[in-house]
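Heads up, the thing below is written out as structure tokens.
Both backbone and side-chain heavy atoms feed into the values below; hydrogens, waters and symmetry mates do not. It should be emphasised that the depicted structure is a prediction, and the values quoted were computed from it without experimental measurement.
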Amino acid sequence: MNNLIKGIVSAVVLLYVSFGTLAQQRPNVIFILADDLGYGDVSSYGATKIKTPNLDKLSDQGIRFTNAHTTSATCTPSRYAILTGQYPWRKTGTGILPGDAALIVPTNEITLPKLFKKAGYNTAIVGKWHLGLGEAVDKNWNQSIKPGPNETGFDYSYIFPATADRVPTVFMENHNVVALDSLDPIAVDYKNKVGNDPTGLENPELLKMKSSPGQGHNNTIVNGIGRIGFMSGGRRARWTDEEVPMTFLSKAKDYIEDNRDHPFFLFYTLTEPHVPRMPSTMFKGKSGLGYRGDAILQLDWAVGEIMKHLEFLGLKENTILLFSSDNGPVLDDGYIDGAVTQLNGHTPWGPLRGGKYSVFEAGTRVPMMLSWPGTIKPKVSSAMISQVDLLGSFSKMLNIESGWEKMDSEDVLEALLGKSQKGRTYLVEQGLRDNLAIIKDHWKFIEPHGGPAIERLTNIELGNLNKPQLYNLSTDIGELYNLADKYPEKVKELSIQLEQIRNN
Ligand code: NG6
Ligand code: CA
């Protein structure tokens, strides 16, 4: 070989090797999202009546955020924001969805998983979906259903359609219900009873867990639990609640293993501790706090299993593990499951006021930890971060154009990786409906709202008041002292800013 050819060959080899190394260096990203886990439900966030050793380990080896927020105090809007990088209240129809809703995430716009795909990652979602499926409410569950998670950017999906308390109580792998049986077709209806299955209303004696008076959850009974909505057929496809988290865990572990040689983004969306809380037998009674506490122990265990799996596969160092919750905590959310009677002094909301559905802090301020062993140094961060920022921040990390600059999303990568204590300067929080609050620096302004102050069924303070509320979160994290009358200029400034963001 003459020198020229030798030179070209070695340059090509060098290029190949360095691209290969670069590709290898790109970290996998696993985002584990719990359902209704509160700021005070985790021992590294101060819980004393329950121990979450695996989440604590994650806190110890990564960054533990004390000022991280969902955009909204309920699931559907909060997840919509994670995927789209936009505040959900800009679009109608983004509230809590029934189980037969059509897909609400646009399929022709950038999403968080599409961003990862653009960067060459494999992408998957395993767990709860709750963003609608198909083009319309009316759909045939016995055929392929599109669009859904796969059309919004996930190469692979293994989900349940809505919430564990809503029909259809089935898993879907990509476009199809798992274990379909053409001789026993599935029908779903949210208005009228379909088929002959007993309902919680007609046959309460068949229930293994009673629904709370006045909260519904008394339509079709599946696995001894009354659901929201009616379904018939699909007997083979119906899940057993005790097995749901194990199924998701096993699918998540398989996905990680199958993709060990290629960068991947896995959105692993747990169902705990959302209702119906029906943990696996090995967790029943373990926490002493009723099934809600048991479900939290189960969730913590699943996170530990993922961490062990990463270690076993040699992926620990090169995987960003992000953990958070989709909204704040609730005790009685539809079933009599001991959450209230066996609370035993536990405070799921920690030092915060309100809970799920609330525009007070406990609605949207959630536990969040990020670990990337070997790359980031463990610390506690008070940087203000919203989950809507994941799109902008990962765009920055992956160096991919996504247009986040024109969205509600911001780039807070430096804060996420613990290099800076500065996150956003302001963020907007959404309560149950259209009631909004804005936080800027340590000031929080809640706009006047005529809705009820307390939601009677769940016994949660929603944060509604028909006059402005202003709280100084640096001295009053519990939002007890309304300073609106004392600082009218601050109220004016923040209400104008909120209006500007709303009209953006
Ligand atoms: C509420 C349900 C509640 C839960 C919630 C959704 C009633 C009375 N309550 O409407 O049980 O399913 O919706 O929770 O129906 S979320 O975390 O998915 O937003
Ligand atoms: Ca939720």
Do Thr364 and Glu429 meet the criterion of a side-chain donor-acceptor pair at a distance under 3.5 Å? yes
Identified side-chain contact (heavy atoms from CB on, under 4.5 Å) counterpart of Pro147 within the set Leu133, Leu103, Thr152: Leu103
Which one of Lys444, Arg365, Arg353 satisfies the salt bridge (Lys or Arg N to Asp or Glu O under 4.0 Å) criterion with Glu479? Lys444
Report the residue from Lys57, Arg64, Gln61 that forms a side-chain hydrogen bond (donor to acceptor under 3.5 Å, both in side chains) with Ser371. Gln61
Does the distance from a Lys or Arg side-chain N to an Asp or Glu carboxylate O, for Lys308 and Glu311, drop under 4.0 Å? no
Please report the interatomic distance CG(Leu310) to CE(Met307), rounded to the nearest 0.5 Å. 8.5 Å
Derivation and outcome, side-chain hydrogen bond (donor to acceptor under 3.5 Å, both in side chains), residues Ser78 and Asn327: CA-CA 7 Å; Ser78 162; Asn327 53 251; 5.7 Å; no
Residue of the set Phe267, Tyr268, Tyr255, Phe160 for which ring pair (Phe, Tyr, Trp, His ring centres under 6.0 Å) holds with Phe248: Phe160
Using only atom types and a distance under 3.5 Å, with no angle test, would you say the side chain of Asn67 pairs donor to acceptor with the backbone of Ala383? no
Can Ser43 and Thr52 be counted as having a side-chain donor-acceptor contact under 3.5 angstrom? yes
Whether Asp300 and Lys51 form a salt bridge (side-chain N of Lys/Arg under 4.0 Å from carboxylate O of Asp/Glu) is what I want to check. no
Salt-bridge criterion met for Lys284 and Glu242 (N-O under 4.0 Å): yes
Is the centre of the Trp349 ring less than 6.0 Å from the centre of the Phe360 ring? no
Could you tell me whether Asp294 and Arg277 make a salt bridge, using a distance below 4.0 angstrom between a side-chain N and a carboxylate O? no
Among Asp41, Asp36, Asp35, Asp333, the one residue meeting salt bridge (Lys or Arg N to Asp or Glu O under 4.0 Å) with Arg292: Asp41
Considering the options Asn464, Leu483, Ile446, which one meets the side-chain contact (heavy atoms from CB on, under 4.5 Å) requirement together with Gln469? Ile446
